[in-house]
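The next block holds one structure in the form of structure tokens; read it before the comments.
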Amino acid sequence: MWDAWIGRSERRTERVDSSLAMRWLATLDREAPASNTMPQGFHWCLCTPDAPTSQLGPDGHPRRDERPDSFLPPVPLPRRMWASSKVEFLAPLTLLARVERLSTVMAISEKSGSSGHLVFVDIAHETRCEGELAVREMQTIVYRDAAAAGSPAVPPPPADTSFEPSPWSAHRSIVPDERLLFRFSALTFNSHRIHYDLPYATQEEGYRGLVVHGPLTATLLLDLAQAELGDNALKGFAFRGLSPAICNEPLHLVMRGEGEVIELAAFAHDGRQVMAASATC
């Protein structure tokens with residue numbers, strides 16, 4: 001059904017602007033690195049979609065249609081999530097460097113199950129820094145049916161349990177609030193309304209509150225890895241969203257493992273797993 005979109009690509013360029021870099025560091029409460037390289041995860045703020053406001057759909061994402069220049073297929077399902085990514089870090093991104101990102105639709109698949117109809121779109125991103133391949137990523141986006149009328153909010157209310165961090169070697173707790181979500185949306189030019197419009201998130205998409213961005217949670221996990229291992233220490237990083245993290249609720253970021261393979265994860269305060277991740281050094 002969507003074969004005409006497989007192989008479509010778009011190319012975007014920009015500079016690693018020092019002002020953008022400082023805003024990213026401020027958002028994460030990070031100090032500027034001693035070198036002119038940016039920590040891993042910064043690439044998600046570069047070469048972002050820039051559709052005019054008049055071309056945004058009801059959810060805040062750029063509208064998808066049948067035009068030849070429409071990069072993503074016009075999937076009619078209303079709910080969209082960043083399901084997972086597999087990232088290879090090949091070279092650091094440097095301040096003031098010219099960056100180019102080539103994005104290509106690699107595959108589109110449909111599934112039906114207990115959660116309804118799903119459409120998965122796999123997108124390959126190649127980010128070059130001054131012509132050198134710096135980051136290679138395979139991103140999976142999933143489109144879902146609207147929440148059925150009367151269905152319970154997602155995720156379920158917190159259980160009467162607590163997350164236990166003792167099995168993990170590194171642990172950080174954070175409460176993502178509206179300020180953090182706003183700043184990350186601004187950094188990534190992401191106008192998806194589930195991150196800032198509470199009535200839309202709860203009444204239209206059926207969430208229990210504002211949703212923490214998947215790549216924000218992934219960025220926080222990368223920040224934990226940086227604190228333990230140093231900047232630009234990872235060769236690879238993969239994450240998969242398991243359950244939404246909700247604004248103003250504690251989020252536990254954890255890490256364990258030695259040598260080349262590291263396990264990372266994010267959990268809600270009651271122990272519900274939000275994200276599974278792994279990294280290689």
Side-chain angles (χ1 to χ4, degrees), residues 23-24 26-29 41 44-45 48-64 72 75-84 115-118 141-163 172-221 223 239-253 266-275:
R23 290 193 293 270
W24 187 85
T27 297
L28 297 178
D29 291 317
W44 285 316
C45 301
T48 57
D50 54 3
T53 303
S54 61
Q55 294 181 15
L56 298 179
D59 64 352
H61 279 299
R63 188 179 295 112
R64 307 178 304 278
L72 291 173
V75 177
L77 303 177
R79 292 192 292 173
R80 165 177 165 170
M81 294 177 60
W82 186 328
S84 65
S115 58
H117 190 52
L118 305 171
I141 296 172
V142 60
Y143 296 94
R144 305 178 62 187
D145 282 319
S151 58
V154 177
D160 190 21
T161 54
S162 297
F163 172 71
R172 177 191 177 197
S173 179
I174 183 174
V175 179
D177 62 14
E178 291 89 348
R179 299 168 300 171
L180 180 59
L181 269 62
F182 168 82
R183 283 188 157 194
F184 195 78
S185 287
L187 286 170
T188 56
F189 206 57
N190 181 355
S191 49
H192 195 182
R193 292 168 65 183
I194 63 173
H195 305 305
Y196 62 87
D197 186 338
L198 183 60
Y200 175 86
T202 56
Q203 298 170 21
E204 295 296 324
E205 298 220 12
Y207 292 107
R208 187 159 50 75
L210 294 177
V211 178
V212 180
H213 315 63
L216 172 55
T217 301
T219 296
L220 294 170
L221 289 176
D223 196 50
F239 72 86
R240 180 167 57 94
L242 301 176
S243 181
I246 298 299
C247 181
N248 289 316
E249 297 184 2
L251 184 64
H252 295 272
L253 309 162
F267 293 87
H269 193 60
D270 63 358
R272 171 177 55 87
Q273 189 165 4
V274 167
M275 180 171 287

| note | By salt bridge (Lys or Arg N to Asp or Glu O under 4.0 Å), R172 pairs with (sequence neighbours left out) D223
Output a table of donor-acceptor pairs, distance under 3.5 Å, between side-chain atoms of residues 143-161 and any protein atom two or more places apart or on a different chain; print 'none' if there are none.
{"from": "D145", "atom 1": "OD2", "to": "H117", "atom 2": "N", "distance (Å)": "2.7"}
{"from": "S151", "atom 1": "OG", "to": "A148", "atom 2": "O", "distance (Å)": "2.6"}
{"from": "T161", "atom 1": "OG1", "to": "D270", "atom 2": "O", "distance (Å)": "2.6"}

| field | CZ-CD distance between R240 and Q273, expressed to the nearest 0.5 angstrom | value | 8.0 Å
| request: Could you check R208 against E249 for side-chain contact (heavy atoms from CB on, under 4.5 Å), going step by step and ending with a plain yes or no? | output: CA-CA 11 Å; R208 187 159 50 75; E249 297 184 2; 2.4 Å; yes
| query | Which of these, L210, T202, V211, sits in a side chain to side chain contact (heavy atoms under 4.5 Å, CB included) with I194? | reply | V211
| field | Minimum heavy-atom distance L251-A245, with the two atoms named | value | CD1-CB, 4.1 Å
| field | Parallel, tilted or perpendicular, as decided by the 30° and 60° cut-offs, for the rings of H213 and F184 | value | perpendicular
| said: So L216 and T188, do their side chains get closer than 4.5 Å, heavy atoms only? | reply: no
Pairs under 3.5 angstrom only: tabulate donor-acceptor contacts from the side chains of residues 48-62 to other protein residues two or more places apart or in another chain.
{"from": "D50", "atom 1": "OD1", "to": "R12", "atom 2": "NH1", "distance (Å)": "2.8"}
{"from": "D59", "atom 1": "OD1", "to": "H61", "atom 2": "N", "distance (Å)": "2.9"}
{"from": "H61", "atom 1": "NE2", "to": "H192", "atom 2": "ND1", "distance (Å)": "3.1"}

| message | Could you report the tightest heavy-atom contact between C247 and L181, atom names first, then the distance? | response | CB-CD2, 4.0 Å
| Any side-chain heavy-atom pair of M275 and L221 under 4.5 Å | yes
| message | Under the criterion side-chain hydrogen bond (donor to acceptor under 3.5 Å, both in side chains), I'd like the reasoning laid out for Y200 against E205: C-alpha separation, chi angles, the key distance, then a yes or no. | response | CA-CA 7 Å; Y200 175 86; E205 298 220 12; 2.7 Å; yes
| said: If I compare all heavy atoms of V212 with all of P176, which pair ends up nearest, and what's the gap? | reply: CG2-CB, 3.9 Å
| message | Just so I know, are the side chains of R79 and V142 near enough to count as touching, which here means a heavy-atom distance under 4.5 Å? | response | no
| Would you say the ring centroid of H252 lies under 6.0 angstrom from that of F163? | yes
